[in-house]
Participant: 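My questions will all concern the structure given below.
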Number of protein chains: 2
Amino acid sequence: MARIVMKFGGTSVADIARIRVVAQHVKREVDAGHEVAVVVSAMSGKTNELVAWTRDASPMHDAREYDAVVASGEQVTAGLLAIALQHIGIDARSWAGWQIPIRTDGAHGAARITDIDGSELVRRFGIGQVAVIAGFQGIGPDNRIATLGRGGSDTSAVAIAAAVKADRCDIYTDVDGVYTTDPRIEPKARRLNRVSFEEMLELASLGAKVLQVRSVELAMVHKVRTFVRSSFEDPNAPGMGDFDNPPGTLICDEDEIVEQQVVTGIAYARDEAQISLRRVSDRPGVAAGIFMPLAEANINVDMIVQNISEDGSRTDMTFTVPAGDLDKVRVVLEQIQKDIGIDTVQSESGMAKISVVGMGMRSHAGVAAAAFKALADRGINIRAITTSEIKISILIDAAYTELAVRTLHSVYGLDKQ
Amino acid sequence: MARIVMKFGGTSVADIARIRVVAQHVKREVDAGHEVAVVVSAMSGKTNELVAWTRDASPMHDAREYDAVVASGEQVTAGLLAIALQHIGIDARSWAGWQIPIRTDGAHGAARITDIDGSELVRRFGIGQVAVIAGFQGIGPDNRIATLGRGGSDTSAVAIAAAVKADRCDIYTDVDGVYTTDPRIEPKARRLNRVSFEEMLELASLGAKVLQVRSVELAMVHKVRTFVRSSFEDPNAPGMGDFDNPPGTLICDEDEIVEQQVVTGIAYARDEAQISLRRVSDRPGVAAGIFMPLAEANINVDMIVQNISEDGSRTDMTFTVPAGDLDKVRVVLEQIQKDIGIDTVQSESGMAKISVVGMGMRSHAGVAAAAFKALADRGINIRAITTSEIKISILIDAAYTELAVRTLHSVYGLDKQ
């Protein structure tokens with residue numbers, strides 16, 4: 001017997017028929033003798049509808065009222081799933097965030113969970129009751145509903161799993177796991193059986209949008225074993241109830257991964273824009289003088305590359321942003337160009353970032369070199385490079401995205417079983 | 001300066017454009033210096049959608065989960081209206097039932113309000129804040145959301161008005177008041193300036209569906225002056241902000257009605273079915289033996305007529321039910337016919353009930369006789385008659401509904417100013 005938190009996203013609970021399938025997934029685990037808490041998102045499309053209404057009512061709306069409106073979507077799903085579970089003979093009840101309570105800070109619209117009192121949930125596990133919990137929400141210090149920001153139900157699920165000391169947190173979604181790369185680009189992409197928290201963080205933030213980055217961070221901190229699996233498979237297909245090895249990808253501590261791959265996956269992000277600042281005064285505080293104003297304008301700067309200047313007085317600096325933010329960046333840079341001492345600003349959109357991720361990289365030399373050579377062999381020009389302990393990111397023309405992904409996927413042997 | 005509770009129903013908050021109009025109605029009262037609490041229903045159609053989902057999930061659903069799902073509609077409207085009010089510079093915040101709290105009994109799906117703590121609302125009136133309250137809901141003894149049953153937002157509004165000792169409760173709806181009869185049938189129908197609680201109870205329960213019966217009962221008990229008025233008029237039209245005499249109908253204690261009319265209004269209910277039980281054993285307990293099983297089958301019996309039997313052993317009994325319930329009634333009667341001793345069951349649908357209502361009836365003789373004569377003059381056959389202190393109800397063939405309504409409206413001089 002184990003304790004499991006199961007999380008189902010918007011497409012998994014899109015209508016009553018899908019909610020019935022979810023109930024069957026839950027029944028399978030209950031019938032196997034497990035203690036189960038379920039975390040649900042709003043039915044797909046509902047959150048967008050509610051958000052659009054708040055914007056329509058006022059573009060500058062009160063985040064506390066936004067939360068009161070938008071949190072209702074998950075409450076509806078939780079009630080409906082509880083009903084569907086009862087209908088097939090399973091003792092279940094729904095919980096809104098304020099009823100548990102899931103306490104958050106006061107940052108309405110993007111709140112962080114500060115504390116979860118799991119005692120009542122655990123008591124009810126003892127009498128065989130399934131808890132169906134509205135995701136994406138808690139209650140703030142002001143006694144009002146606070147939401148965790150988009151995709152926050154993943155975070156709810158992991159936080160609840162930590163609070164009730166669950167053996168595992170199963171994230172059911174519309175894909176059946178985490179792949180070595182996007183199967184739409186490389187049909188030979190393989191599902192990973194296991195991936196470390198650190199690798200998943202890099203893969204998630206780099207465009208393999210299976211899990212919210214924050215939920216992976218939280219899982220890493222609390223060492224919550226998190227399983228990504230599909231809600232669209234037959235709930236009673238062979239192996240689905242196999243506790244030790246169900247179909248999907250386990251995100252876990254690297255200690256649990258016996259044979260580490262040098263490279264685990266190839267991620268990509270299209271629609272990047274590159275900005276190059278030429279002959280910038282090379283003195284302390286310059287980088288802060290550039291990137292602080294960009295942060296204040298809510299521009300999410302991604303790669304940053306700065307070379308050592310030849311003569312110690314002037315340097316070149318390159319960074320990337322989502323292409324949609326390019327106009328905003330230009331406005332900010334115009335305002336600071338003179339004060340900072342930037343000679344020329346060049347920018348170009350239509351870029352893509354390809355990232356090679358793997359824990360094994362730390363102990364293997366030549367991983368980066370292999371990438372550069374493979375891309376060069378294909379005639380793909382490298383615009384910029386950044387590296388971290390377990391990741392190499394390369395900026396290229398977006399036209400070469402698919403070719404680059406397939407090339408790197410093959411170079412590191414990810415095509416092979 | 002006064003304290004006002006304003007209630008807006010589903011058609012009044014059907015979309016963001018309508019919610020903006022509601023905000024203007026609220027602004028008018030705030031600008032006039034009044035303290036304001038607003039009670040809102042779900043956007044029209046939303047409650048039906050949510051109810052349909054719970055039914056689809058399971059026909060025999062848990063009423064507590066039904067409440068968790070269905071109460072979300074009002075929470076959405078409350079948040080949206082708070083945003084729309086803030087947008088036009090009015091300090092406002094939304095309140096869910098559990099936040100105030102509005103305490104109810106445990107009858108989920110049809111709960112009764114047991115207590116409202118109005119202290120925080122009153123404190124915030126003092127700092128000029130408008131309270132926007134989700135109608136139709138409270139929190140039960142089990143710490144879960146409990147709804148008051150369909151149309152319960154009227155009841156919420158009146159109960160809150162009583163709790164905060166409001167000077168008036170304004171019910172904004174899609175009609176501009178209570179009329180002497182249905183203007184679609186009798187164009188000469190006039191809007192009543194004032195109507196007593198008792199008269200309104202009879203008019204509401206008889207088909208003039210402006211207000212929930214329960215809310216009128218509550219208003220009568222707590223002597224809450226209740227105003228029925230339109231949310232579809234221009235919020236800033238002349239007279240709309242006239243505190244003492246705005247356009248609409250005031251429902252109040254009869255003491256406030258200086259010149260009482262003999263007859264206040266003519267109500268009607270179509271789609272009635274008549275059931276006559278012939279030669280029923282005339283002994284104690286027979287009526288209970290018939291009407292208890294019907295009540296248990298959730299059949300809403302309306303008129304009941306029983307004559308004194310000729311010989312003291314057998315009697316005839318007639319009652320009416322909504323025509324849609326007739327089949328259910330037949331099933332119940334078949335089961336009890338032998339035990340009770342009913343010789344024959346006759347039934348007929350296609351009936352209508354016409355009711356003449358007025359406080360002045362108590363002190364005026366001949367009101368009933370005038371009705372009977374007027375209907376006879378038109379050749380309308382009377383099937384059954386029941387009377388109360390302030391009401392005469394007459395059952396006729398539904399084909400004569402309009403003619404009977406117009407005839408009675410004219411007989412009692414309601415056509416005239």
Side-chain angles (χ1 to χ4, degrees), chain A residues 13 15-20 22-23 42-43 46 49-50 52-89 91-96 98-101 120 132 134 139 142-145, chain B residues 13 15-20 22-23 42-43 46 49-50 52-89 91-96 98-101 120 132 134 139 142-145:
Chain A
V13 294
D15 54 36
I16 303 296
R18 297 260 8 120
I19 288 174
R20 285 206 196 92
V22 166
M43 294 157 91
K46 278 291 148 193
E49 182 184 58
L50 295 166
W53 283 340
T54 62
R55 291 205 178 127
D56 197 5
S58 174
M60 296 287 291
H61 46 259
D62 183 339
R64 295 164 298 188
E65 300 301 347
Y66 169 96
D67 282 353
V69 171
V70 175
S72 67
E74 282 73 14
Q75 293 160 22
V76 168
T77 319
L80 293 174
L81 178 57
I83 291 172
L85 284 167
Q86 292 172 0
H87 186 64
I88 55 172
D91 183 13
R93 83 152 266 191
S94 69
W95 297 85
W98 58 269
Q99 289 174 321
I100 292 180
E120 184 63 16
V132 184
I139 183 164
D142 54 1
N143 206 33
R144 299 183 71 175
I145 293 170
Chain B
V13 293
D15 53 37
I16 303 295
R18 298 261 5 122
I19 288 174
R20 285 205 196 93
V22 166
M43 295 158 92
K46 278 291 148 191
E49 181 185 58
L50 294 166
W53 282 341
T54 62
R55 291 205 178 126
D56 197 4
S58 174
M60 296 289 290
H61 46 258
D62 182 342
R64 296 164 298 186
E65 300 300 347
Y66 169 96
D67 281 354
V69 171
V70 174
S72 67
E74 283 72 15
Q75 293 161 23
V76 168
T77 319
L80 292 174
L81 178 57
I83 290 172
L85 284 167
Q86 292 173 0
H87 187 65
I88 56 173
D91 183 14
R93 81 152 268 190
S94 70
W95 296 86
W98 58 268
Q99 289 174 320
I100 293 179
E120 184 63 16
V132 184
I139 183 164
D142 53 1
N143 206 33
R144 299 183 71 175
I145 294 170

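Numbers restart at 1 for each chain; the letters A, B, ... are given by sequence-line order, proteins then strands.
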Participant: Counting only heavy atoms closer than 4.5 Å, note whether A:I145 contacts chain B via side chain, backbone, both or neither.
Facilitator: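 For A:I145, the contact with chain B is made by backbone and side chain together.
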Participant: Sequence neighbours excluded, which residues qualify as side chain to side chain donor-acceptor pair (under 3.5 Å) partners of A:D15?
Facilitator: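 Checked A:D15 against side chain to side chain donor-acceptor pair (under 3.5 Å); zero matches.
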Participant: Below 4.5 Å from any heavy atom of chain B, which atoms of A:W98 appear? Answer side chain, backbone, both or neither.
Facilitator: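 Looking at A:W98, just its side chain touches chain B.
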Participant: Under a 4.5 Å heavy-atom cutoff, which of A:M60, A:Q75, A:H87, A:Q99 has the most pairs with chain B?
Facilitator: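 That would be A:H87.
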Participant: Can you tell me which portion of A:I139 sits under 4.5 Å from chain B's heavy atoms? Options are side chain, backbone, both or neither.
Facilitator: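 Interface part for A:I139: side chain.
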Participant: How many angstroms lie between CD in A:Q86 and NE2 in B:H61, if you round to the nearest 0.5 Å?
Facilitator: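 Taking CD in A:Q86 and NE2 in B:H61, the distance rounds to 10.5 Å.
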Participant: With chain A as the partner, which of B:N143, B:T77, B:V70, B:I88 has the greatest number of non-hydrogen pairs under 4.5 Å?
Facilitator: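 Looking at each option in turn, the highest pair count goes to B:N143.
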Participant: How about A:R64 and B:S94: do any of their side-chain heavy atoms sit closer than 4.5 Å?
Facilitator: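 No, every pair of side-chain atoms sits at 4.5 Å or beyond.
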Participant: Roughly how far, to the nearest 0.5 Å, is the CH2 atom of B:W53 from the CD1 atom of A:I16?
Facilitator: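 Atom-to-atom, A:I16:CD1 and B:W53:CH2 are 7.0 Å apart.
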Participant: Please examine the side chains of B:R93 and A:E65, heavy atoms only from C-beta on, and report whether any two atoms are closer than 4.5 Å.
Facilitator: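 In short, these two side chains touch, coming nearer than 4.5 Å.
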Participant: Output all residues satisfying salt bridge (Lys or Arg N to Asp or Glu O under 4.0 Å) with B:R20, sequence neighbours left out; order by chain, then residue number.
Facilitator: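 Listed in chain order: A:D56.
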Participant: Quick check on B:I83 against chain A: is it the side chain, the backbone, both or neither that has a heavy atom closer than 4.5 Å?
Facilitator: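 Contact with chain A: backbone and side chain both.
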Participant: For A:V76 and B:S72, work out which heavy atoms get closest and say how close.
Facilitator: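 Looking at all heavy atoms of both residues, the shortest contact is CG2-OG, 3.1 Å.
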Participant: Relative to chain B, which segment of A:L80 carries a heavy atom at a distance below 4.5 Å: side chain, backbone, both, or neither?
Facilitator: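 For A:L80, the contact with chain B is made by backbone and side chain together.
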Participant: With a 4.5 angstrom heavy-atom cut-off, which part of A:A92 approaches chain B: side chain, backbone, both or neither?
Facilitator: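 The backbone, not the side chain.
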